[in-house]
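Single-structure report; data block below.
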Amino acid sequence: KQEVTQIPAALSVPEGENLVLNCSFTDSAIYNLQWFRQDPGKGLTSLLLIQSSQREQTSGRLNASLDKSSGRSTLYIAASQPGDSATYLCAVAGNTPLVFGKGTRLSVIA
Amino acid sequence: GAVVSQHPSWVICKSGTSVKIECRSLDFQATTMFWYRQFPKQSLMLMATSNEGSKATYEQGVEKDKFLINHASLTLSTLTVTSAHPEDSSFYICSARVAGVWNIQYFGAGTRLSVL
């Protein structure tokens, strides 16, 4: 059964800092991995989707990498801003519906 | 494209009543839809998978008689929480797969259920 773990559970950084969020998964037989953003009490916003054949995806200040063989992904956020404060969820798609990690709660302090 | 609409966004009900949540794919056909539940500060946990025209498949520990799922058309799935209790208060999110594109899910905005 696929399990997804995200570290750290919470992170607080000053504005302008670059940061890395980590995601690991137990079953490397995945088709893709997605990073989502969730604001308090809100739904999910898809940030980046990496297909299993890809190594990374970039969107603006966000860069996600995928190492399928080791079961790891990272989300790199450059020059963080207070508006980046949210919970970031990692989810993997395999032969089952998306399996989510518990998320990393990010606070960017102005 | 690939928009999923979920309604209502927020509902408050009395204990013992039933609540229906709708999930619609607005611009595509969704042969498969999923229902997730999220408790505060927890991750999304899959409750059930519904396929159009057939019975839903429930995850272990989810009461099928309590959480009734109907997927009568290619664009609509409903989740009915029957005889709701305060412990059913949670954030419910649906997602849908585009027919033929089976490894990508699109998500609704979620429904916050508060049972008094």
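Chain identifiers are assigned alphabetically (A, B, ...) following the order of the sequence lines, protein sequences preceding nucleic acid strands; residue numbering begins at 1 within each chain.
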Determine whether more than 12 heavy atoms belonging to other residues, nucleotides or ligands lie under 6.0 Å from atom NE2 of B:His7. no

Any donor-acceptor N/O pair, B:Gln42 side chain to A:Lys102 backbone, under 3.5 Å: no

- Message: Evaluate A:Val99 against B:Met45 for side-chain contact (heavy atoms from CB on, under 4.5 Å), listing each step before the verdict.
- Response: CA-CA 8 Å; A:Val99 178; B:Met45 298 301 295; over 6 Å; no

Verify whether the ring centers belonging to B:Tyr106 and A:Phe36 lie closer than 6.0 Å. no

Ignoring hydrogens and geometry, is there a side-chain-to-backbone donor-acceptor pair from B:Tyr36 to A:Leu98 under 3.5 Å? yes

* Is it possible for you to say whether B:Val11 and B:Ile69 belong to one hydrophobic cluster, with membership spreading through side-chain heavy-atom contacts below 4.5 Å? => yes

* Under a 4.5 Å side-chain heavy-atom rule over Ile, Leu, Val, Met, Phe, Trp and Tyr, are A:Val13 and A:Trp35 clustered together? -> yes

To the nearest 0.5 Å, atom CD1 of B:Ile104 lies from atom OH of A:Tyr31 at 13.5 Å

Honestly, the part of B:Leu44 sitting under 4.5 Å from a heavy atom of chain A is both

B:Lys64 NZ: over 12 foreign heavy atoms closer than 6.0 Å: no

- Query: A:Leu66, A:Leu47: one ILVMFWY side-chain cluster at the under-4.5 Å cut-off?
  - Reply: yes

For this session: Indicate if B:Phe67 and B:Met33 have the same hydrophobic cluster label, given that clusters are the connected sets of ILVMFWY residues with side-chain heavy-atom separations under 4.5 angstrom.
Result: no

Turns out that what part of A:Leu89 lies under 4.5 Å from chain B's heavy atoms comes down to side chain

inquiry  = Is it the case that over 12 heavy atoms from other parts of the model lie below 6.0 angstrom from the CD atom of A:Glu17?
reply    = yes

Residues at least two apart in sequence or cross-chain that pass side-chain contact (heavy atoms from CB on, under 4.5 Å) with B:Ala84, listed by chain then number, are B:Cys13, B:Val81, B:Asp88, B:Val115

Quiz prompt | Side-chain heavy-atom pair A:Thr45, B:Phe107 within 4.5 angstrom cut-off | solution = no

Most heavy-atom pairs under 4.5 Å with chain B, out of A:Ala93, A:Pro97, A:Gly101, belong to A:Pro97

Under 3.5 Å, is there a donor on one side chain and an acceptor on the other for B:Gln38 and A:Gln38? yes

Bottom line for A:Lys42: the part with an atom under 4.5 Å from chain B's heavy atoms is backbone

